[in-house]
2 protein chains.
Amino acid sequence: MQLFDVLGKRWTMRVLWELRGGRLSFRELRMRCENISPTVLNQRIKSLREMDIVDQCKTGYGLTNWGVELGEQLIALDIWAERWSHRK
Amino acid sequence: MQLFDVLGKRWTMRVLWELRGGRLSFRELRMRCENISPTVLNQRIKSLREMDIVDQCKTGYGLTNWGVELGEQLIALDIWAERWSHRK
DNA sequence: GATTATCGCTACATAAACTGTAGCATTAAT
DNA sequence: ATTAATGCTACAGTTTATGTAGCGATAATC
């Protein structure tokens, strides 16, 4: 499945996660992703833009409507992970 | 976050996806994952077992209770992806 | 009770993906 | 005009994944 192929690549989910907070410039996004290498960041952005999940305007990169929805899915995952992380 | 680190590795989500259907032997699991290399499959299994998401018994590998829950999260993602894939 | 099959898994050479740093071209502020 | 910040590319070095061969162990078959 195309979505899983992309999400399963290193940094993809992290990039989406960081973009939930609002638009970010390329350099800001890099810093928030532990200074991911610009090469890979650019590859991820490219994929996500082709998938209508991320877009770009003069104020930086951000989530499209689809991206916001996907972000909500990640939040659901995060809530589950919170419970899971407290397992005994 | 630990969960995203693991899920974001190649093949991890696919392995979980395939295990939703029931227990599978190492070799069966390999085949269903497009003949992923055994080296990597074993690494993923190891991580997922340490996280109490996958377990092993004489009938093969399968999901723990936590794994089933996580699988449900993936199904939610899949349902969303289905809608998304029909975008215009 | 040897033999054949299947199993989980490791070894290892090759290939692909990621990293880290430097820096170019462009635009925005001073 | 100069300085500063931006998005992004280049590239060498490292890490990760692939593909194939095969070992040791257990299970069925003759």
Side-chain angles (χ1 to χ4, degrees), chain A residues 1-64 66-68 70-71 74, chain B residues 1-64 66-68 70-71 74:
Chain A
M1 208 190 323
Q2 193 201 355
L3 180 69
F4 282 0
D5 288 348
V6 176
L7 287 187
K9 286 201 162 164
R10 199 171 180 188
W11 296 114
T12 303
M13 292 199 284
R14 175 64 174 269
V15 165
L16 292 176
W17 191 256
E18 297 299 336
L19 285 179
R20 282 173 328 133
R23 291 200 169 268
L24 293 174
S25 72
F26 189 89
R27 279 162 129 100
E28 280 171 344
L29 189 47
R30 266 198 78 197
M31 287 200 299
R32 298 198 189 211
C33 294
E34 302 166 40
N35 278 308
I36 172 181
S37 78
T39 314
V40 174
L41 177 54
N42 209 32
Q43 289 169 358
R44 296 298 174 270
I45 287 173
K46 187 177 175 223
S47 296
L48 291 170
R49 286 182 67 186
E50 288 170 357
M51 296 164 80
D52 295 325
I53 286 171
V54 162
D55 61 11
Q56 182 180 23
C57 70
K58 63 196 72 164
T59 65
Y61 293 101
L63 298 179
T64 63
W66 288 110
V68 172
L70 181 50
L74 295 186
Chain B
M1 206 190 326
Q2 194 202 356
L3 180 68
F4 282 180
D5 288 347
V6 176
L7 287 187
K9 286 199 163 167
R10 199 171 180 189
W11 295 115
T12 304
M13 291 198 284
R14 176 63 174 271
V15 165
L16 292 176
W17 190 257
E18 297 299 336
L19 285 179
R20 284 173 328 141
R23 292 202 167 267
L24 294 174
S25 72
F26 189 90
R27 280 162 128 100
E28 280 171 343
L29 189 48
R30 266 197 77 198
M31 286 200 299
R32 297 198 190 212
C33 294
E34 301 165 40
N35 277 309
I36 173 181
S37 77
T39 313
V40 173
L41 177 55
N42 210 32
Q43 289 169 0
R44 296 297 175 272
I45 287 173
K46 188 178 174 221
S47 297
L48 291 169
R49 287 182 65 186
E50 287 170 357
M51 297 165 79
D52 295 326
I53 287 171
V54 161
D55 62 10
Q56 181 181 25
C57 69
K58 62 196 74 166
T59 65
Y61 293 101
L63 297 179
T64 62
W66 288 110
V68 171
L70 181 50
L74 295 186

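Note that this is a predicted model, so its numbers are computed, not measured. Throughout, protein chains are lettered first and strands after them, A, B, ... in sequence-line order, and every chain is numbered starting at 1.
- Distance, A:Glu28 CD to D:dG7 P: 8 Å, rounded to whole Å.
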List, with names and distances, any nitrogen or oxygen atoms from the protein found under 3.5 Å away from nitrogen or oxygen atoms belonging to nucleotides 24-30 of chain C.
none

Without placing hydrogens or testing angles, list every side-chain donor-acceptor pair under 3.5 Å for residues 49-56 of chain A, not counting sequence neighbours.
unit_1, atom_1, unit_2, atom_2, d
A:Arg49, NH1, A:Gln56, OE1, 2.8
A:Asp52, OD2, B:Arg87, NE, 3.0
A:Asp55, OD1, A:Arg23, NH1, 3.4
A:Asp55, OD1, A:Arg23, NH2, 2.8
A:Gln56, NE2, A:Tyr61, OH, 3.1

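- Screening residues 36-55 of chain A for ring-ring contact (aromatic ring centres under 6.0 Å, His included) gives no qualifying pairs among residues at least two apart or on separate chains.
- Residues in residues 29-38 of chain A take part in these side chain to side chain donor-acceptor pair (under 3.5 Å) pairs, two or more places apart or across chains: A:Arg14-A:Glu34.
- In terms of phosphate contacts, B:Trp11 brings a side-chain nitrogen or oxygen within less than 4.0 Å of OP1 or OP2 of D:dT18.
- Remark: C1' of C:dT6 and CE of B:Met31 are 12 Å apart, rounded to the nearest angstrom.
- Of the candidates D:dG7, C:dT10, D:dA17, the closest approach to any side-chain atom of A:Ser25 belongs to D:dG7.
- Across C:dC18, D:dT6, C:dG8, the shortest atom-to-atom separation from the side chain of A:Val40 is found for C:dC18.
- A straight line from NZ of B:Lys9 to P of D:dT18 spans 13 Å, rounded to a whole angstrom.
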Expected rows: protein N/O vs nucleotides 19-21 of chain D N/O, under 3.5 Å:
unit_1, atom_1, unit_2, atom_2, d
D:dG19, O6, B:Thr39, OG1, 3.3

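- Whole-Å rounding puts the B:Asp5 CG to C:dC18 P distance at 14 Å.
- Under 4.0 angstrom from either OP1 or OP2 of D:dA17 there lies at least one side-chain N or O belonging to B:Gln43.
- Rounded to an integer number of Å, the gap from CG of A:Asn42 to C1' of D:dC11 is 16 Å.
- If you take CG on A:Leu19 and CG on A:Leu29, they are separated by 5.0 Å, rounding to the nearest 0.5 Å.
- Between A:Asn42 and A:Phe26, the shortest heavy-atom distance links the atoms OD1-CE1, 3.8 Å.
- For the pair A:Arg10 and D:dT16, the criterion of a side-chain N or O lying under 4.0 Å from OP1 or OP2 is not met.
- B:Thr39 is listed as a side-chain neighbour of B:Gln43, based on a closest heavy-atom distance under 4.5 Å.
- Rounded to an integer number of Å, the gap from A:Arg23 CZ to D:dG7 C1' is 15 Å.
- Taking atom NZ of A:Lys46 as the reference point, atom C1' of D:dG7 lies 16 Å away to the nearest angstrom.
- Contact detail for B:Arg20 and B:Gly71: the closest heavy-atom pair is CD-O, 4.2 Å.
- Atom pair A:Leu41:CG and C:dG20:C1' shows a separation of 14 Å (rounding to whole Å applied).
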Please set out all donor-acceptor pairs under 3.5 angstrom arising from side-chain atoms of residues 2-13 of chain B, sequence neighbours excluded.
unit_1, atom_1, unit_2, atom_2, d
B:Thr12, OG1, B:Val6, O, 2.9
B:Thr12, OG1, B:Lys9, O, 3.2

